Every structure is written in C-alpha cells, then in structure tokens.
Amino acid sequence: MTFSNAGSVLATLTQVNLMGALTSRVKNLPVPELVCLLDFITAEFQQFIRAMDLINNEALESLLEQLLDAFTVKIGLILQADRTTIFLVDSSKNQLWHKTVDVTIGKPVEVRLPMDAGILGYVATTGKSINVVEAREHELFNAEVDEPSDYQIKSILCMPIFSSKSETEPVAVVRLLNKAGDVPFDEDDEQQFRVFADSIGIILESCQSFYVVARNQRGVAALLRATTTLGQSLDLETTLRAVMDQARDLMQADRSTLFLLNRETNELWTKVAKADGKTMMKIRIPANRGIAGYVASTGQILNITDAYDDPRFDPTTDQQTGYRTRTVLCMPVYNAKGELIGVTQLINKNQGTFTNSDEEFLRAFNSQAGMALQNSQLFENMMVEKQYQKDMLQSLSDAVISTDFQGRIVTINEAALELLGCPVNQDKTKDNPQLWEHKLINRYVWEVLPIENLKFRLEDSLNHAARHYVPEQSLTLGLLVEKSLDLPEAENYILAVPDPHHPNSYYAWGENAAWAEELAVLQLANSQSLFALDNSATYYPYCPLPISGSHIKVIERSLNLTVNPLTNPEGGVRGGLVVLEDISREKRMKTTMSRYMTPGVVEQVMALGDDALMVGERKDVTILFSDIRGYTTLTENLGASEVVALLNQYFETMVEAVFHCEGTLDKFIGDALMAVFGAPLPLNPPEIHGWMAVKSALDMRKRLQEFNDSRPGEIPFRFGIGISSGEVVSGNIGSQKRMDYTVIGDAVNLSSRLEELTKEYGCDIILSEFTYSLCSDRIWVRELDKVRVKGKNQPVGIYELLQSSSEPMEGETQRFLELYKNGREAYIARNFHKAISFFEAALAIRQKDKPVEVHIERSLNYLKVPPPDDWDGVHTMATK
C-alpha cells in the first residue's frame, strides 16, 4: 500500500503555520496507511542521516573538486573542445575561480579572475552566452582573462550555468576553447550543453551548500574547542601557542601567527617554535610595516587572494626559505576595552581562499583570543611585578621583613635570613634558606626578633601609620647546628630565640609551647641529638622544649631599626615593613673595604677571615698613578664647595674605570689617585694584571673625554697616567680601628715617576717596559725613550700607550710611527744627522709632537757636544 500525496512530511512539520497538521492528518488514518506514512517518514529521516554523514565526512571538501573535474572532462568530450574549464562564481569577492595544477611546484593552485573583465566576465554578470569564431577580434576579448598562458586561442564558446533559485544569476561559467577540426562551435553545441546545464547547476549549488554547512559545523566545533583551550591557561607563552594552533586548525590554514602589540616600542612581536619544535624564540617587527603592520595601524581586515599582487607584502622571507605565500587573512585582536592588542595572520588556506565565512569565524575566534590574551598579559604583568618586587627585596643589602596587618611575617629577604644566622651561600646547607622561610613566614615578627619594644612600634605603625627609626639597637640570637636526618653529610642550622625571662634558655624558632606527650622530656634526656626523637617526623626541625645556652652559638648584632607602614592606594595601612641595618663590626669592615675594592673582592676578602688583610704579602701587581694637569688653573676661580663637588664628579667616573677592570683603589693623594691591579686578591689568570691596568687607563681616557664634553665652555680636564708592574708588599697598614690598605715597592715608585714624565714627553699615558711585556700583543704603543729615573741606576724602557690593537690604526698614524721608529734607531746608533731627518719628516705629519721635538733638540745638542763613548742612548732624569 502507498501513502498518496505525502509530500515532504518533515518539511511540512517545520512550517510554523502548519503546526499540528500531522496530528489531524493521521487521526483518522486506517492502520495500513499509517504504516505507510511511518515508512515514508522513516525514509526521509534516513535521507537526512545520510546528508548529515556526508556533511561530517572529511572527504566532502574534495567532492566538489572531483565533480568539477568529471564534468569538465565530459563536457569537453561531448562538445569536442580542445580545452574546457568550469569557473565558479564567488559573488562575495566579485571573482571567477577554478583550480589547476602549477607545473613549477607540482601542487594544485587556485586561479582567480575578475568578474568585470573579458568575455568570461560578461557571461558571468549578464547570464548571456557568447559563441565567437575569432575570439581575439571580439570587442570584449581580454587576453589576461580569456586566454590561458602559453595557449593560442581561436574559437570560444562561453556559457552560464544558473542557480536553481534564479534563472538570471549564474553559479558557474563554462569556457570551451578551439573545437576539434578547426571548426567553430555552433547552435547544436549550445543546445546540447543546455540539456545538462541545469542539472550541473543544481549539483554544483547543492555541493556548495553542503560544503558551507559542513564548514560552519566544523568551524563551530573548532571554535568551541579553541574557546575551551584558551580558557585553560594563564601562561602567556602557552596561550600564544594555543591561539596559533587553534586558529590554524579552525581556518584550515597552513600557517598561523599571532602578533602582540607593544605600544611602548611600537612593535609587533610573537613567539615561534625553533627547529626542535619545543623551544620558543621571539620575533619583532615594526608595527607599521607589512600586512600585519597595516592591520595593526588601521584596524582593517585584509583578505588577500594572492600575496604577490599586494604591494604591502614583503617576499623576502619567502625568498630565503623557499616557502610560497599565496593567500593571507589578517585581522586585528581587541581586548575587552576595545583596544587593539594584537593581530592574527593566517597563511595559505588548504582548500581555496579565505571566505567571508572564514572572516566571521576568525572574528569570533579573535574575540575569545583577545579575552584570553588580556587575562594572560595581566597575569604575566602581575607575575613580573611580583618577581620584580621579590628581586628588589632580595637585592637590598639591609634586612627587610614585611608583615600583614596582624604583624605576621609575609616576606623575608636573604639579607634578613643571613642577619638571623642562616647560612645562605654554603653548599652543604643549601636547603636551609627554604627551611628558614618555611618556619618564619606567618610567625609574629617580634617572636623571632627579640628587639626591645619592637611589638609596640610595629603595632603603632599598623594602627596609626606611625614611622619609627631607632638607631643602635641590640639583637641577641642563638644558632643551633644539627646533622640532617635525611642526609648525614648535610647540616641544618636552626634559629634559637632566647627566653626573655631566662636568658640562658633558648627555643628553636621561638616556639615554646609544650608537647602534649610527657615522655618527650625523657626522650630528650636520653637522645644523643636534640631532634632524634620518635616523633621527629612530626616536629622536626622544631622542638618546643628549652635548649641550654651551652648548646647554642650566640649571635650578637648591632643594628639600626626602621619600622614603616605599608599603605594601599586609598591610604589605608595593609601591613608593616621592618628594616634592619647591620652596623656590627663585620658590616663596618665591609663598608670600609667597599670604598677601595669592588664588591666581589670585598666578599672574597671577608670570606678569608677578619685579619686577612693585616698580614703582609709579596705579590706581582701593576700600579697605576693618575694626576690632574693644571689643577690650580682649573680651580682658582671656584669656591671650596665647588672644587670638592667637581673633584668628586671627576673621581667618581675614574674610580668606576678602576673597579670595572677589577682594580683596587689604594688612595687619593690630593688631585691624584693610585690604583692596584692584582691585589689584595690575584686576578684570574694572575698574569692579566698588566692588561687590566692598561684597559683601565684606556677607559679613563674615554671617560675623561665624556667628562669634558659634559662641561661645555669650561676649561677641559687633562691628566697624566703612569703604569708599571713588579713585585710589591701588600697589606693593611695600621690597626684594627684604623686601617689603610696599600702596597710598597719599586713598582709603586716607578709608576709615580712615569706619571711625572708624561709632562716632559707631552703624553697622557706612559707604560714601563715591565707592563708592556705583559700585554704587548693587545696594544699599540710608541717607544718613547730609555730613562734612568732619579734614585735608580738601572735604565727602564718607557712607552706611550696609543690604543688597543683590536682597533684599526689610521694610515697616516702608521706612517708617522714608522718615521719616528727610524729616527729612534738612528738616534741610538749615534747617527744624529739621519735621526734629525727622520724626526723632521715625522714632525711634518704631526706638528708640535713633544717626543719628536725632544729628540730633535737632543740630537742637535749631541752634534755640538757628542755623547761619551759608552753612551747607550739612556736619558738620565735630573728630577723626580
């Protein structure tokens, strides 16, 4: 039995005005016809299920392509065309497109042509057929649109395929070229094509509808997955990776990139995986260049079908990598406030070009991504700020403890732990800082810092925002050292706080509540270790029983106490800050040594013990003397305070040059300074002390130029520097209360003499032969002379320091030095006429060169009064 006039039952049920129609329809049906109706509805549902299966089938995307290939081949065979192409209409972009294989790369590519040009465009826009015998002579012919590359067109038949919904809107255009037998296409060909054109149109339209539905369904599913993924992490790097991966999958692109905008530098940046696929590297580009820069600057969406046709595209990267960028979809990303925070860029859609649907999905995706990124950036900023505050706290040399509003410890820096006795830099006690932080945080600060009136002062600060500074406070603590229960070779250092009522009794961590178990006292009496108890797993390293002072290493500190409130933006107090400045002997000694040693050297010297510098040592070092030239002239018109301020400014930069090269400031002598390289601690390697002194002098020369440039219109500073190397005796000269670290020896005296010689030779830096031999391969010098300084019989070669050998030397300077060297050789050989000739040639290159003038004057004198027969070219200095 059949059910007549059933129509589409399910389609009827979807019409609002026919609600209840099925009920009235089947109410009086006989059973056989009801069964038939049920079969009919079942069949319709099965069709829907098959359609849904088709939509969910990943092969659907290639279905349209396969149908087009089959129809193209068959139409060409039927109409005997040499070449047949079916162009689909993309009305959203006003383009015609089809797929072909690019023979150069062996991959399918999408060819897109404008709908408003050529014969093709005319047929697509008007729906009228064109049949031309000589295509090139037709008035609408456009070679770029109508004629394939490397192909000679003659006859052409171009016909539309219409939509089933409209007989005036083509969904495709079929182009047939050059009919077989070199004859034109005729009316029979057109009529034969129209026989199956409508069916092809319905199939193509249905395929595209299926594709759009499937695309939307998968897009929604991918968008849901992306939204879920983006909400799972606050880590910016993880979020970036998730955004890029999800965007690529959602849009079915080959590559995806999310650029974030840095407004401070006006740059777009992103992180991409290196070759290992795991490590992320940062890439930065200007925020106004390229496709991404254009979108970031304008906020516009770019959907580019051929990147190489867009003037904003930079093909440099493609040329370097061999990658071919074809299609690009680039869209801005905004935060919840509507501020642009980045740009998403998708490259090379796997199937065709990016569509309007892709734009809509990416817009929805970017909305979710924008919120996820904003949350990640806020979280990262918060973590950066938290780390910044932690690093700043840890970098402070003073002990700093912050508390909450009740006075409980919230943070404590390493300096505070060290002040309390925790060894923060010893390998065998590496876990102690973490243990101490664990035990001290959340404890009342006055329970672990037995400082007089600390509780009162902190509570006054918390309740009334009062500020307290109390100098010279005393702090007495204890330190208990125990072997670790887990690692016998390790040691645990435990803070022991004295009982205020029984000074000889201490409590570990200041905790003095009794154990509930009475046997604890007996166990403690019988145990060899304070913490080797049955319940040590519960209480270790904590013992609430009093510890005798005989087991404790007592620590006494002298410190300045500062208590300040921590306020919130509204002005309310939210916590307290306790700052402890250690002014004990150790701190005073370190502060004193820091005035003439670098912090690193100070730490090493302190590690050697209190009296390390009181013992004299013999060691090889390099000495640098520096003195200001014309000091009286520079300062005669200045007041006393101005002179001091100017000298302090000058010495500040000079001392930095010494410290940067690991030198030690020995002393200031009026407007001069003396520095030592290689003491009190040897450098690494030890023999580098000569080069470090020379490097420091070169830096001082550069800094002097910068110092003078900072004082335009003022008389410039000039200096003389003498440098020599040799063995000296080093150590602290004085007493424990007043120390003066210095070095004594011939090298010290010689470097001082060389500084004086800079006046006679008109040079700013002179080296002895001993220093030159230590670093001759690193520097350019000019041999000035061999001199016998006052008080010494042994002559010394002296050299003018020109520059580092790593810097190129000018050709004219090289010529000058060559002439000077030849002059010196002739001078030493007693050929004074020849020497004068060389020196005068050198003087023509560099006029008023003092060493040249000195040698010319000596040579003229020796021509008048020749030197004695045993003369060896050495010049004896008559003054110091």
Side-chain angles (χ1 to χ4, degrees), residues 619-627 657-658 661-663 674-679 682-683 685-702 719-728 743 745-789 792-809 813-814 816-825 827-828 849-852 854-855 872-877:
K619 53 183 63 179
D620 288 327
V621 301
T622 297
I623 309 298
L624 181 151
F625 260 96
S626 172
D627 191 18
V658 172
C661 296
E662 302 181 53
M674 171 183 166
V676 184
F677 296 82
L683 300 178
E687 62 274 8
I688 204 174
H689 58 80
W691 164 240
M692 297 304 284
V694 170
K695 186 178 177 182
S696 176
L698 291 171
D699 191 19
M700 292 169 75
R701 178 190 283 168
K702 177 183 176 183
F719 62 34
I721 295 178
I723 304 175
S724 187
S725 305
E727 186 181 73
V728 298
V743 292
D746 287 344
V748 179
N749 299 328
L750 181 55
S751 61
S752 176
R753 301 289 190 274
L754 296 184
E755 179 268 312
E756 289 290 334
L757 284 180
T758 59
K759 302 174 186 176
E760 182 166 336
Y761 289 92
C763 304
D764 61 345
I765 305 173
I766 293 181
L767 315 178
S768 73
E769 63 183 50
F770 310 117
T771 301
Y772 176 61
S773 65
L774 294 175
C775 54
S776 58
D777 58 332
R778 298 174 182 258
I779 53 176
W780 294 112
V781 299
R782 168 169 54 155
E783 184 187 31
L784 293 175
D785 215 341
K786 275 205 166 189
V787 298
R788 189 176 288 107
V789 298
K792 295 292 181 182
N793 294 323
Q794 189 67 29
V796 177
I798 61 174
Y799 299 84
E800 177 190 7
L801 176 60
L802 299 177
Q803 64 186 54
S804 169
S805 60
S806 62
E807 301 175 5
M809 182 173 287
T813 302
Q814 293 182 20
F816 169 80
L817 293 176
E818 185 66 25
L819 291 170
Y820 177 84
K821 179 183 177 182
N822 293 337
R824 276 282 300 167
E825 292 174 351
Y827 174 82
I828 298 298
D849 183 79
K850 192 69 176 290
V852 172
V854 167
H855 279 82
D872 56 2
V874 175
H875 180 70
T876 301
M877 307 301 298

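Predicted, not measured: the structure shown is a model, and the values here were computed from it. If you read the sequence from its start, that first residue is 1, and numbering goes on from there.
P851 and Y761 make their closest contact through CD-O, 3.1 Å (heavy atoms, listed as atom of the first residue, atom of the second, distance). Across A679 and V621, no two heavy atoms sit closer than the pair CB-CG1, 3.8 Å. Closest heavy-atom contact between I623 and S751: CG2-OG, 3.3 Å. Closest heavy-atom contact between M809 and Q814: O-NE2, 3.1 Å. Residues A675 and V658 come closest through the heavy atom pair CB-CG1, 3.8 Å. In terms of heavy atoms, R701 sits closest to I765 at NH2-CD1, 3.5 Å.
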Practice prompt. Evaluate side chain to side chain contact (heavy atoms under 4.5 Å, CB included) for M700 paired with L624, printing each intermediate quantity in order.
Written response: CA-CA 11 Å; M700 292 169 75; L624 181 151; 4.1 Å; yes
- Do T813 and L817 pass the side chain to side chain contact (heavy atoms under 4.5 Å, CB included) test, and can you show the C-alpha distance, the side-chain angles, and the key distance before you say yes or no? CA-CA 6 Å; T813 302; L817 293 176; 4.2 Å; yes
For side chain to side chain contact (heavy atoms under 4.5 Å, CB included), just list the numbers for R782 and D849, CA-CA rounded to whole Å, side-chain angles, deciding distance to a tenth of an Å, and then say yes or no. CA-CA 12 Å; R782 168 169 54 155; D849 183 79; 2.9 Å; yes
Please test Y799 against I779 for side chain to side chain contact (heavy atoms under 4.5 Å, CB included), starting from the C-alpha separation and ending with a verdict. CA-CA 11 Å; Y799 299 84; I779 53 176; over 6 Å; no
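Under the 3.5 Å distance criterion, the side-chain polar atoms of Y820 are matched with a main-chain donor or acceptor of L784. Distance alone, capped at 3.5 Å, is enough to place a donor-acceptor pair between the S696 side chain and the A657 backbone. A donor-acceptor pair under 3.5 Å is formed between the side chain of N822 and the backbone N or O of E818.
Here the straight-line distance linking atom CG of D785 with atom NE2 of H875 works out to 7.0 Å at 0.5 Å rounding. For the atom pair OG1 of T758 and CD of E800, the computed distance is 10.5 Å after rounding to the nearest 0.5 Å. Atoms CG and OG, from L802 and S805 in turn, are 11.5 Å apart once rounded to the nearest 0.5 Å. A distance of 8.5 Å separates CD of E756 from CZ of R753, quoted to the nearest 0.5 Å. For the atom pair CG (D872) and CD1 (I828), the distance works out to 8.0 Å, reported to the nearest 0.5 Å. Atom OG of S752 and atom CG of D627 lie 9.0 Å apart (nearest 0.5 Å).
The shortest distance between side-chain heavy atoms of L754 and I723 does not fall below 4.5 Å. With contacts defined as side-chain heavy-atom distances shorter than 4.5 Å, the pair L698/K695 does not qualify. At least one side-chain heavy atom of V743 sits under 4.5 Å from a side-chain heavy atom of M674.
With sequence neighbours left out, R778 forms a side chain to side chain donor-acceptor pair (under 3.5 Å) with no residue at all. For the side-chain contact (heavy atoms from CB on, under 4.5 Å) test, residues two or more places apart in sequence or in another chain that qualify with D620 are H689, E727.
Within 6.0 Å of atom NZ in K786, 12 or fewer heavy atoms from other residues, nucleotides or ligands are found, so the atom counts as exposed in its surroundings.
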Which atom pairs, donor and acceptor, lie under 3.5 Å between side-chain atoms of residues 767-775 and protein residues at least two apart or in another chain?
unit_1 : atom_1 : unit_2 : atom_2 : d
S768   : OG     : S724   : OG     : 2.9
S768   : OG     : F770   : N      : 3.3
S768   : OG     : T771   : N      : 3.4
E769   : OE1    : G797   : N      : 2.6
T771   : OG1    : S725   : N      : 3.1
T771   : OG1    : S725   : OG     : 2.7
S773   : OG     : E769   : O      : 3.4
S773   : OG     : F770   : O      : 2.8

